[in-house]
Asks: 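Take this structure, written in structure tokens, and hold onto it; I'll ask about it next.
Values reported hereafter were calculated over all heavy atoms of this structure, with side chains retained and with hydrogens, waters and symmetry mates removed. Order of the sequence lines sets the chain letters (A, B, ...), proteins ahead of strands, with each chain counted from 1. Just so you know, these numbers come straight off a predicted model, no measurement behind them.
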Amino acid sequence: MSGLQPVRGTRDIFGDESRRHRHVENLARDIAERYGYSEIATPVFEFTEVFARSLGETSDIVSKEMYTFEDRGGARLTLRPENTAGVVRAFISNGLTQQLPAKLFYSGPMFRYERPQKGRQRQFHQVGVELLGAAEPLADVEVIALGADLLSALGLEERVVLELNSLGDAESRQTYRSVLVEYLQSRRNELSPDSLLRLERNPLRILDSKDKDDQAVVANAPLITDSLNAASRGFLEEVLKGLEVLGIAYRHNPRLVRGLDYYCHTAFEFTTDALGAQNAVLAGGRYDGLAEQLGGPSTPGIGWAAGVERLAMLVSDVPPLPRPVAVAPVSDEQTPAALAISQQLRRAGLAVDLGYAGKFAKRMKRANKINARVTVIVGEDELARDVVTVRDMDTGEQKEVALSSLTDDVARFY
RNA sequence: GCGGGAGUAGCUCAGUUGGUUAGAGCACCUGGUUGUGGUCCAGGGGGUCGUGGGUUCAAAUCCCAUCUCUCGCCCCA
């Protein structure tokens, strides 16, 4: 353990862990493309304003979790704590509002100043999608289906549960908020200190409190479902119908709320019980008011984000590394020939590892260690006859192959 | 931000009445002669015992602080 440590809550990702991350990321990108999404990369920092306006000043993220700093020119900047605000900002900045719907996929690091835990770093990674300009419930269904596809492609369908709720439109939420606050006020002496604070700032959050006393109060609280107006109710029903058509199992949880201000109508999260307190792996919802709030044209939107670290931890079968071809010159005199042969095989699309130095036995050991499928042995005797020896590392069988047909011969092992 | 647990070689861990050059397994390196790996045998490198103070003749071992990880709260992906 050296004294040189990475910053708290950050980590170096390499080796097996890196492959797991890439697996999650690549799968997400591929599936998103199948749904017609194209990738967008927004800057890792934005004007603080972008997040403050979209997430809500009272949200925990804005009020205490952002990495905010002033640059040398005096601009107030923030490392993105999530990417929906950035993508919507980019959508407005680049005039994408002219071609709707816009379907965008992203992948990259996010930053939140939180107490680190397993599945919760200060720099972490998310993949996500945003669908802008579609107000129809069908859009919600498609976005959720995309998420579900990703999870099942990762082999996680048995390990996650989809919970879903509707927060309704602005009117419904207003109605519910007052009904809920009235109820909670009547029982305020039973609430936890945390929830008393939430009662002032963000009463809906009390619904998913883990405090025992709070839960007892919440158990009898009015449900948002009962406050939904006809339009909102109809919207929810359409979404649920779509999920049923696709055979996507869900649990309607009327107490599911979201921490960020911009959500409306559909809110959902895929959760797991395999990660302790960090149970959400992929979550999102509809945010029809966000674009306008950021100063753009009123544009409906829906999307989700998934935690790459969390998914990577859950995935059990990561595709194995491709087995390379080892090229082993018998002695240093054969190195130039071996180098040329290596390049030839690489240009044919094979993964090749050339043994640089050491005695022949050592190069064979290396070939074994890197799990080579075959070893091309480049020896003096063979070269004199324009052949090399190809050894099958699984069976130990080997045969001489003409240099002219080497590529085809080696390719047959794959 | 609050409360609990942990921190000894690259990895998994031993190491208590505080006392000689701090150990094991795995991994790594070299060798077992002349062009052949996975097994085996022999040898070897590698740790300021998270860091900084303190107590002591003497500290991995006791005390304080601090950093990091971890579990829960909070929050969230």
Asks: I need the CD-C1' distance between Glu269(A) and C75(B), as an integer number of Å.
Replies: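 Atom-to-atom, Glu269(A) to C75(B), this comes out as 12 Å.
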Asks: Expressed as a whole number of Å, how far does the C1' atom of G52(B) sit from that of C71(B)?
Replies: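 That atom pair is separated by 27 Å.
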Asks: Would you kindly give the CG-to-P distance between Leu207(A) and C74(B), to the nearest whole Å?
Replies: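 It works out to 14 Å between those atoms.
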Asks: Contact class for Gly147(A) (heavy atom, under 4.0 Å): base, sugar-phosphate, or nothing?
Replies: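 No contact.
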Asks: Sticking with atom C1', work out how far U48(B) lies from G4(B), rounded to a whole angstrom.
Replies: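 It comes out at 31 Å once rounded to the nearest Å.
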Asks: Could you check Ser172(A) against Leu228(A) for side-chain contact (heavy atoms from CB on, under 4.5 Å), going step by step and ending with a plain yes or no?
Replies: CA-CA 5 Å; Ser172(A) 302; Leu228(A) 295 180; 4.0 Å; yes
Asks: Examine the base of C76(B) for any acceptor or donor lying under 3.5 Å from a partner atom in the side chain of Arg205(A), and report the outcome as yes or no.
Replies: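 Donor-acceptor pair under 3.5 Å: no.
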Asks: Just call it for Ala283(A): base, sugar-phosphate, or nothing, with non-hydrogen atoms closer than 4.0 Å on any strand.
Replies: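 Sugar-phosphate: the residue Ala283(A), judged by heavy atoms under 4.0 Å, touches backbone atoms but no base.
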Asks: Does the distance from a Lys or Arg side-chain N to an Asp or Glu carboxylate O, for Glu397(A) and Arg391(A), drop under 4.0 Å?
Replies: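 Answer for the salt bridge query: no.
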Asks: How do Asn279(A) and Arg115(A) order along RNA chain B: which one's closest nucleotide is nearer the 5' end?
Replies: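 Result: Arg115(A).
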Asks: Report the base-pairing partner of U36(B) (Watson-Crick or G-U wobble, both distances below 3.5 angstrom), or none.
Replies: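 Check on U36(B): unpaired, no WC or wobble geometry under 3.5 Å.
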Asks: Rounded to whole angstrom, note down the C1' distance from U51(B) over to G23(B).
Replies: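 It comes out at 24 Å once rounded to the nearest Å.
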Asks: Decide, yes or no, whether a salt bridge links Glu114(A) with Lys64(A) under the criterion of side-chain N to carboxylate O below 4.0 Å.
Replies: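 No, this pair does not count.
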Asks: Using a heavy-atom distance cut-off of less than 4.0 Å, which residues of residues 393-412 of chain A contact RNA chain B?
Replies: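 Listed by number, they are Met393(A), Asp394(A), Gly396(A), Gln398(A).
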Asks: Taking the basic N atoms (NZ, or NE/NH1/NH2) and the acidic carboxylate oxygens, is any pair closer than 4.0 Å for Lys103(A) and Glu142(A)?
Replies: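 The answer is yes: the pair qualifies as a salt bridge.
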Asks: Under a 3.5 Å limit for both distances, which nucleotide forms a Watson-Crick or G-U wobble pair with G44(B), could you say?
Replies: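 C28(B) - that is the nucleotide pairing with G44(B), both distances being under 3.5 Å.
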Asks: In whole angstrom, give the distance that lies between atom OH of Tyr263(A) and atom P of C75(B).
Replies: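 It works out to 16 Å between those atoms.
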Asks: Of the candidate nucleotides G35(B), C69(B), C74(B), which contains the atom at the shortest distance from the side chain of Gln117(A)?
Replies: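 For Gln117(A), the side-chain atoms sit closest to C74(B).
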Asks: Between Glu238(A) and Lys241(A), is there a salt bridge with N-O shorter than 4.0 Å?
Replies: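 Looking at Lys241(A) and Glu238(A), the cut-off is met.
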Asks: Using the P atom in both, what is the distance from A65(B) to A58(B), to the nearest Å?
Replies: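 Each nucleotide's P atom is 23 Å from the other's.
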Asks: I want to confirm an ordering. Mapping Phe360(A) and Ala305(A) to their closest nucleotides on RNA chain B, which one lands closer to the 5' end?
Replies: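 The residue mapped nearer the 5' terminus is Phe360(A).
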Asks: Could you work out the separation of C75(B) and G47(B) based on their C1' atoms and round it to a whole Å?
Replies: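 Straight-line distance between the two C1' atoms is 39 Å.
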Asks: Tell me whether Arg251(A) is salt-bridged to Glu163(A), with the criterion being a basic N under 4.0 Å from an acidic carboxylate O.
Replies: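 So Arg251(A) pairs with Glu163(A) through a salt bridge.
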Asks: Tell me whether Arg112(A) is salt-bridged to Glu82(A), with the criterion being a basic N under 4.0 Å from an acidic carboxylate O.
Replies: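 Between Glu82(A) and Arg112(A) there is no salt bridge, as every charged N stays at least 4.0 Å from the carboxylate O atoms.
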Asks: Using the C1' atom on both, measure G43(B) against G7(B) and round to a whole Å.
Replies: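 Per the computed distance, 33 Å lies between those C1' atoms.
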Asks: Only one of Tyr287(A), Trp304(A), Tyr37(A) clears side-chain hydrogen bond (donor to acceptor under 3.5 Å, both in side chains) with Glu130(A); which?
Replies: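 Exactly one pass, corresponding to Tyr287(A).
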Asks: Are OP1 or OP2 of C29(B) and a side-chain N or O of Lys369(A) less than 4.0 angstrom apart?
Replies: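 For C29(B), OP1 or OP2 has a side-chain N or O of Lys369(A) closer than 4.0 Å.
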Asks: Do the side-chain N or O atoms of Lys359(A) get closer than 4.0 angstrom to the phosphate oxygens (OP1, OP2) of G32(B)?
Replies: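 Yes, because at least one side-chain N or O of Lys359(A) sits under 4.0 Å from OP1 or OP2 of G32(B).
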Asks: Is it the case that the base of G35(B) and the side chain of Arg363(A) share a donor-acceptor contact (distance under 3.5 Å, atom types as modelled)?
Replies: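 No such pair is found, so the answer is no.
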Asks: Look at Asp394(A) together with Arg323(A) and state whether they make a salt bridge at an N to O cut-off of under 4.0 Å.
Replies: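 Arg323(A) and Asp394(A): salt-bridged.
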Asks: Should Asp288(A) and Arg173(A) count as an ion pair when the cut-off is N to O under 4.0 Å?
Replies: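 The answer is no: the pair does not qualify as a salt bridge.
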Asks: Under 4.0 Å, counting only non-hydrogen atoms across every strand here, what does Arg112(A) touch: a base, just sugar-phosphate, or nothing?
Replies: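 Counting heavy atoms under 4.0 Å across all strands, the contact made by Arg112(A) includes a base.
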Asks: Could you list by number each residue of residues 318-339 of chain A showing a heavy-atom separation from RNA chain B of less than 4.0 Å, or answer none if no residue does?
Replies: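 Within residues 318-339 of chain A, the residues near RNA chain B are Val330(A).
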Asks: May I ask you to decide whether Arg76(A) forms a salt bridge with Asp71(A), counting only side-chain N to carboxylate O separations under 4.0 Å?
Replies: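 Asp71(A) and Arg76(A): not salt-bridged.
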Asks: Please work out if Lys210(A) contacts a base, only the sugar-phosphate, or nothing of the nucleic acid, heavy-atom cut-off 4.0 Å.
Replies: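 Base contact.
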Asks: What is the nucleic acid contact for Asp194(A), judged by heavy atoms within less than 4.0 Å: base, sugar-phosphate only, or nothing?
Replies: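 Contact class for Asp194(A): sugar-phosphate only.
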Asks: Between Arg120(A) and C75(B), does any side-chain N or O lie under 4.0 Å from OP1 or OP2?
Replies: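 Checking C75(B) against Arg120(A), no side-chain N or O comes under 4.0 Å of OP1 or OP2.
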Asks: What about Arg8(A), does its side chain sit under 3.5 Å from the base of U68(B) through a donor-acceptor pair?
Replies: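 When only heavy-atom distances are counted, Arg8(A) does not reach the base of U68(B) through any donor-acceptor pair under 3.5 Å.
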Asks: Classify Arg11(A) by what it touches in the nucleic acid, base, sugar-phosphate, or nothing, heavy-atom distance under 4.0 Å.
Replies: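 Contact class for Arg11(A): none.
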Asks: Just call it for Ile377(A): base, sugar-phosphate, or nothing, with non-hydrogen atoms closer than 4.0 Å on any strand.
Replies: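 Touches a base.
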Asks: Hey, is the side chain of Gln5(A) poking within less than 4.0 Å of OP1 or OP2 on G50(B), counting only N and O atoms?
Replies: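 No.
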Asks: By the 4.0 Å heavy-atom rule, please label Arg310(A) as base, sugar-phosphate, or nothing.
Replies: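 Counting heavy atoms under 4.0 Å across all strands, the contact made by Arg310(A) includes a base.
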Asks: Tell me whether Asp214(A) is salt-bridged to Lys212(A), with the criterion being a basic N under 4.0 Å from an acidic carboxylate O.
Replies: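 Salt bridge: no.
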Asks: Tell me what Gly284(A) touches on the nucleic acid: a base, only sugar-phosphate, or nothing, going by heavy atoms under 4.0 Å.
Replies: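 Nothing, no nucleic acid heavy atom in range.
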Asks: Which whole number of Å gives the distance between the P atom of A22(B) and that of G45(B)?
Replies: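 Going atom to atom, P in each nucleotide, I get 14 Å.
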Asks: Looking only at atom C1', what distance separates A77(B) and G15(B), rounded to whole Å?
Replies: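 Looking at atom C1' only, A77(B) and G15(B) are 42 Å apart.
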